[in-house]
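For reference, the structure is listed below as structure tokens.
Numbers restart at 1 for each chain; the letters A, B, ... are given by sequence-line order, proteins then strands. Owing to the predicted nature of the structure, the values given are computational and were not obtained by experimental measurement. Below, all heavy atoms of this structure are taken into account, side chains as well, without hydrogens, waters or symmetry copies.
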Amino acid sequence: MDKLKEAEPEEHVTVRTLRERLPDAVLSTKSFRNEITILVRAGDIVRACRYLKEDPDLRYEFLSDLTAVDRLGEHPRFDLVYHLYSLQFKRRIRLKVQVEEGEMAPSVTSVWSTANWHEREVFDMFGIGCEGHPDLRRILMPEGWEGHPLRKDYPVQASPKWWEEGGKSD
Amino acid sequence: MTEARTMTINMGPQHPSTHGVLRLVLELDGEIVVRCTPHIGYLHTGMEKIAESKRYQQVIPITDRMDYLAPLSNNLAYVLAVEKLLGIEIPPRARVIRVMLTELTRIGSHLVWLGTHAIDIGAMSVFLYAFREREQILDIYEQVAGARMMSSYFRVGGLFADLPEGFEKTVRSFVTTFPDRLAEYEDLLTRNPIWIQRTKGVGVIKPEDAIDLGLSGPNLRACGVPWDIRKSNPYSGYEQYTFEASKGSHGDVYDRYLCRIFEMRQSVTIVRQALERLPDGPIAVQDPKLTPPPKPMVKQSMEALIHHFLLWSEGFRAPAGEVYQSIESPRGEYGVYLVSDGSNKPYRVHFRTPSFVNLQSLPRMVEGRLVADLVAIIGSIDIVLGEVDR
């Protein structure tokens with residue numbers, strides 16, 4: 001199963017260009033199943049995204065997806081994951097930013113409008129705020145909901161608060 | 001005292017033309033929509049959270065319930081992601097069957113869209129015709145999977161079972177009759193002056209705005225951006241089929257309609273090609289650690305019994321890592337982001353659902369237009385709220 005040949009991430013044109021143009025931004029790179037992941041310094045994510053979007057040789061003009069992963073027990077705790085796509089070169093790239101609990105991540109809504117709802121979802125589900133977001137509200141859970149469901153320390157079954165309020169009878 | 005010029009009203013969550021439970025807060029100046037704020041989440045059921053506590057194979061039925069009009073597309077995206085994570089290739093027969101069924105799914109989903117979109121605008125009869133044909137597709141689902149809606153037919157490593165007897169005949173009869181039926185819908189709508197007045201030039205979005213807002217699928221192609229994942233990044237062997245991606249030019253409701261009609265025609269040709277080339281052979285990977293042994297063997301061979309027991313009690317483990325797999329679902333880019341920590345359950349699954357992203361562009365399309373146009377525009381984006389809220 002693990003005999004597959006992996007691409008060398010540092011040879012990927014995107015990594016090479018990004019390393020050359022924004023040398024401080026790239027922390028590390030990784031390849032798994034020939035998908036390239038670039039770990040970007042949190043403060044540089046907006047700059048990196050704008051560069052990747054606008055550079056004529058890369059043209060990652062489409063933000064496919066933006067989400068987060070809770071790595072409870074590790075520091076920094078959260079990964080923010082950006083999936084970029086280039087319509088012209090038919091290439092995908094994954095960017096990652098790591099933030100600690102309670103920290104804000106920079107918002108990429110100034111680069112792509114589509115990030116708006118994605119970042120609201122990340123805020124709603126993980127409690128990670130995005131600095132510079134025009135309208136940071138919960139999106140899926142009701143207003144006034146306590147907790148962030150996709151955090152690993154949030155129970156899979158019903159939220160305990162929910163039951164305490166109305167259902168103490170038994 | 002200044003007079004308030006605008007009025008704020010709620011449209012939904014129970015309004016019939018919001019296709020489920022979408023709530024729009026509209027600020028109106030007479031009949032003109034000044035501002036539109038969508039509120040979603042009424043169907044949120046925490047599918048991504050639930051998936052983290054299920055074994056890999058057990059997540060498949062959850063994906064059915066997202067885009068309930070295209071269950072097999074969702075299955076496909078998920079199983080492809082897990083297969084990528086495992087690094088396995090499935091046998092050719094299973095691949096062809098998957099393509100055939102997802103294309104039938106696309107037709108079925110577009111038929112529901114066509115029927116409901118037309119009924120929203122006031123063309124009642126199309127709805128009845130479209131649902132008549134969709135019934136045949138549901139019958140095909142029932143034949144292969146036993147369920148009409150939540151079919152869960154694909155499995156990681158292949159399929160749940162081989163095709164039943166008579167399947168090819170049913171599909172062949174569907175693809176023979178369907179193109180004529182499609183022509184009938186077009187007779188009712190494509191050159192109908194009322195239809196044209198209600199849809200042409202309505203809900204226009206420019207290609208650069210569409211890309212900025214992350215629109216995908218027929219909505220994006222209607223703007224003239226020919227991005228179809230089946231063409232650009234083929235999966236399941238789509239590169240071996242001859243078909244064309246739809247393409248519009250005006251980015252309005254009418255072009256989205258034309259794109260979807262065109263896609264149904266293309267899907268028919270893909271299904272035909274799949275029927276022609278359907279190879280014999282196994283329908284799942286022959287790896288006892290991943291796919292269950294045939295039932296008779298479980299009763300005879302000790303080893304098969306152990307494999308069967310382990311698969312049902314523990315499932316299989318996937319190597320640690322992360323993958324993103326996207327497919328061209330009837331609504332656009334349906335992506336699955338899967339993170340594994342090496343155990344038998346996904347550490348994190350994220351579903352990049354096209355409806356969620358496409359809905360975000362609604363305010364951009366409706367602001368400055370009439371309330372009646374809003375109804376046409378919501379229909380044309382083709383959202384499924386189950387997929388928006390997950």
Worksheet item: Can the positive tip of B/Lys84 be found less than 6.0 Å from the middle of the six-membered ring of A/Phe32, inside 45° of the ring normal?
Response: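 Cation-pi check for B/Lys84 and A/Phe32: fails.
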Euclidean distance, [Y] [atom2] relative to [X] [atom1], rounded to 0.5 Å:
X        : Y        : atom1 : atom2 : value
A/Leu63  : B/Leu213 : CG    : CG    : 11.5 Å
B/Gln360 : A/Ser113 : CD    : OG    : 7.5 Å
A/Glu121 : B/Phe356 : CD    : CZ    : 4.5 Å
B/Thr45  : A/Leu140 : OG1   : CG    : 10.0 Å
B/Tyr337 : A/Thr67  : OH    : OG1   : 8.0 Å
A/Met141 : B/Asp389 : CE    : CG    : 11.0 Å

Item to complete: Apply side chain to side chain contact (heavy atoms under 4.5 Å, CB included) to B/His39 and A/Arg137, showing your working.
Response: CA-CA 11 Å; B/His39 286 259; A/Arg137 287 179 289 132; 3.8 Å; yes
Fill in: N/O donor-acceptor pair under 3.5 Å between B/Lys49 side chain and A/Arg151 backbone
yes
Fill in: Donor-acceptor contact present, side-chain B/Tyr324 to main-chain A/Arg92, <3.5 Å
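Between the backbone of A/Arg92 and the side chain of B/Tyr324 there is no qualifying donor-acceptor contact (under 3.5 Å).
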Would you call [X] and [Y] a side-chain contact if the rule is heavy atoms closer than 4.5 Å?
X        : Y        : answer
A/Pro149 : B/Glu48  : no
B/Gln325 : A/Glu35  : no
A/Leu66  : B/Arg352 : no
A/Leu87  : B/Val225 : yes

Over 12 foreign heavy atoms within 6.0 Å of [atom1], [X]:
X        : atom1 : result
B/Glu239 : CD    : yes
B/Arg35  : CZ    : no
B/Glu89  : CD    : no
A/Arg71  : CZ    : yes
A/Lys30  : NZ    : no
A/Lys152 : NZ    : yes

Below 4.5 Å, heavy-atom pairs only: which of [options] has the largest tally toward chain B?
options                              : result
A/Arg94, A/His118, A/Met125, A/Lys90 : A/Arg94
A/Leu150, A/Thr114, A/Asp135         : A/Thr114
A/Phe62, A/Trp112, A/Trp117, A/Tyr85 : A/Trp117
A/Glu61, A/His83, A/Arg138           : A/His83

Worksheet item: Top residue by heavy-atom pair count (under 4.5 Å) with chain A, among B/Val339, B/Leu215, B/Asp341, B/Ile50?
Response: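 Sorted descending by pairs with chain A, the first entry is B/Leu215.
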Worksheet item: A/Val111 versus chain B, heavy atoms under 4.5 Å apart: side chain, backbone, both or neither?
Response: backbone
Please flag which part of [X] lies under 4.5 Å from any non-hydrogen atom of chain A: side chain, backbone, both or neither.
X        : result
B/Ser361 : neither
B/Ser232 : both
B/Ala320 : backbone

Discussion item. Check A/Arg33 with B/Glu322, please: is the shortest side-chain N to carboxylate O separation under 4.0 Å?
Written reply: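 Here B/Glu322 does not pair with A/Arg33 in a salt bridge, since their nearest N and O are not under 4.0 Å apart.
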